[in-house]
Amino acid sequence: MPLNEQQRAAVEHGDGPLMVLDGAGTGKTRVLVHRIARLVEGGTEPWGILAVTFTNKAAGEMRHRLREILGEAADAMWIGTFHATCARLLRRWGGHVGLRKGFVIFDDNDQIKLVEKLLKETALEEQVSARTILSRFDRAKNRGVDPRAVRTGAFDDVVDTIYPLYEAQLAKENAVDFNDLLLKVLRLFDVDEAAEHLRVRFRHVLVDEFQDTNKVQYDLVSKFAEATRNLTVVGDDDQSIYAWRGAEPRNLLDFDRDFPDARVIKLEQNYRSTQTILDAANSIIKHNHDRHEKSLWTDQGGGEPIEIYQAGDERGEAYYIAQSIRRALDDGPLSPSDIAILYRTNAQSRVLEEHLRAARVPAKVVGAVSFFERKEVKDVVAYLRLLANPAADSAFERVVNVPARGIGETTVERLRAAARAHGTGLFEACKLAARGDVGGLGTAVRKKLIPFVELMRGLADVIAQGASVAETIIQIVDRSGLRQKLEADGSTESRDRLDNLAELVTTASDFDDEHGDDEHGDGGGEVMFDDDEAVPAAGAINGFLERIALSSAGDQTASEQVVLMTIHIAKGLEWPLVFITGMEDGLFPSLRERDGQSEDAALEEERRLAYVAITRAREKLVLSYARTRRVWGEIRIQGPSRFIQDLPPGSLAAPRGRTPSTPAPPRIVDGNFLGRGERGPRGGAGRGGGRRSARDEMDQRAEYDDDPVYNIDDDLRGGKLAVGATVMHQTLGYGRVVAVTGNGRDQKVTVDFGAIGQKTVMARYLTSGDDGLN
């Protein structure tokens, strides 16, 4: 395909600064590759070219394409990430900034272990996490500032103590962290011998994804191009979504101010998406004020209208998406790898994973561990396991020092010895130690063990008094100190962990709603939390733990998988069919306060996220939102995202305000839909015989009225709601009507559900079930 006019202008630009504003899907990699090839063909030595990317994958792709055009000459070029480029320079010049030959680079894990060690040595490990301190270091170093000079009012004294120790240990081990790679190269420009070489080392400097550079990176490329002024930057201010990790959007916005002689070329012709999708992206991003004006277009034509789906709650949203995908796969020609589900926060993935699994859709969470494998979730689940079974030693070992209580490995090892000696589990040994009945453990250790034993006894009392699983989890998070610890931390990661714990409460609330109080008391036996007092272990907790185990098992192994990921991770990727979920004000856009960012600036970044998300779709885009969403066990009324209101009416599949909705999805048991869902797209034969397709399943969807409670099934309105009639309840399954009382929305029906027994339910929760019982 030949270059278009704007692409050709960028490729053929000669010397001097150049800013290429590349809209999503406009072929910027092609422009960079052809520009570099033209520079070499015009006489620039290959080793005089520096091309900087943000990922090793992007660098590898660029080098591969250049080899196809230039052959071995491409191998002489400097093509790589900022960190790889700086590491290479420091191997030659590091001696001028205090590095010896063979220096090592500390990765994230190395840094965490070092800071954890320093926090422990200074008795500060219970005040703050290593990740929080490293986040402080990182934010300051991204701006080229000593972390001790940045005062936030939170953990400043810890930073003052730990940072010099951290730097001293790195120096002792002849090591650098990722930030140091860049900062030390920047310092080389203050060393005459190195500076004379580096200023003229590169004839042309080209930087991809320039909107994602931080201050130090901007200063670096400016120094490299200071002598020649041959600096080409390629970026899209509308896709600047990494301010939270130090990116400075103003680097691109103000480039023509810092380089007033820079040529500016806009790439606006899109080669990825339909015009309908581009119109949606343009209509949202145009509301941002802090941007370079541009508008994407394509010669592909209109394309399919955008679907907007309104669900009753997050389960209905997940059910609709799972069934829509199952239907698309059954109908063809799409394969699972042609489909992506995007969301604003990782916590949204849990209910989606569950419904995709039940619909037999091969799926994979990308860029994050599966919901139930996340650390904070596993910690709380371990508390539940220990409450349900005090002999669960693995659960005890996981939670006894979570959050940190000063109970280290030495203490746990002595408890192991005591447990072996007494023939008990670790928790029983812990209780003995708290009473002073275990030798080798002094008063100081006992003082740390006693609060843990009291915590577990208190939680056991909560269960004994009839608390639901959801309420038990809330009590664990609050009483253990997990919530306080994460809230005090205040980092983005900690807020995400709190969101995940809130989602775990929602999962438990769903479980509680499905099972009811009458199913919670059986099968739990008794657990001994005191020598003379037996506390009943709620059968509900065991049932919930079983549900989690089944949900976590048997991950899809198919090579073709639907991907689930956050919008941040999706940047740079594309699929024929994209679902964007959780389009609700407060969720997307997130209205959470952000340190150092005004409300307007935060909303503009959210718009850029929406722009990125929408432009991932090539052919079809589906937006979904829920009218209610559970957060920390409470049902919250949600409003549709303001971004939906920004969409041009002509791009939508249905008039705004007449969006179809779904009834409550079938209950999931053992990873399968119960009731009608058990005869769903892959469920095999049900009572009616034969396999039902996803299309059949989708055709059963009813609609909501304006009230968040479901309408009475049309068949039931038609007179089938009578004694002896067969009906279906989404949770309880099929049954026969025994009695009917009341009228209208208050009508109640007593139904015989067979083995479950007779239950009285509201008529509006029933549908006709003539084909369900014989």
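Predicted, not measured: the structure shown is a model, and the values here were computed from it.
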Step by step, would you call D256 with D254 a side-chain contact (heavy atoms from CB on, under 4.5 Å)? CA-CA 6 Å; D256 49 354; D254 296 338; 5.6 Å; no
Under 4.0 Å between a side-chain nitrogen and a carboxylate oxygen: does that hold for E61 and R63? no
Nearest heavy atoms of R263 and I265, plus distance in Å: NE-CD1, 3.9 Å
Does any donor atom in the side chain of T232 or R35 lie under 3.5 Å from an acceptor atom in the other side chain? yes
Do Y271 and N4 have side-chain N/O donor and acceptor atoms under 3.5 Å apart? yes
Does a donor on one side chain sit under 3.5 Å from an acceptor on the other, for H64 and E68? yes
Angle class for the F137/Y166 ring planes (parallel below 30°, perpendicular above 60°, tilted otherwise)? tilted
Determine, using ring centers only, whether F82 and F54 are less than 6.0 Å apart. yes
Under a plain distance cut-off of 3.5 Å, with no hydrogens placed, do T132 and D489 share a side-chain donor-acceptor pair? yes
Looking only at heavy atoms, which two atoms of N282 and S295 are closest? And how far apart? ND2-OG, 3.2 Å
Using a strict 4.0 Å threshold on nitrogen-to-oxygen distance, state whether D237 and R250 make a salt bridge. no
Closest non-hydrogen atom pair between A140 and P147, with its separation: CB-CA, 3.5 Å
Evaluate the criterion side-chain contact (heavy atoms from CB on, under 4.5 Å) for residue pair K215 and N142; output intermediate values, then yes/no. CA-CA 6 Å; K215 183 181 183 302; N142 281 338; over 6 Å; no
Y218 and F210 aromatic centres sub-6.0 Å: yes
Just checking, R88 and W78: is the charged tip under 6.0 Å from the six-membered ring centre and within 45° of the axis? yes
Parallel, tilted or perpendicular: ring planes of F189 versus F224, cut at 30 and 60 degrees: perpendicular
Given D236, which of R608, Q211, K294 fulfils the side-chain hydrogen bond (donor to acceptor under 3.5 Å, both in side chains) condition? K294
Beyond-backbone contact of V52 with D208, side-chain heavy atoms, under 4.5 angstrom: no
Distance-only donor-acceptor check, side chains D499 and T345, under 3.5 Å: no
For L119 and V128, the nearest pair of non-hydrogen atoms, with its separation, is CD1-O, 3.7 Å
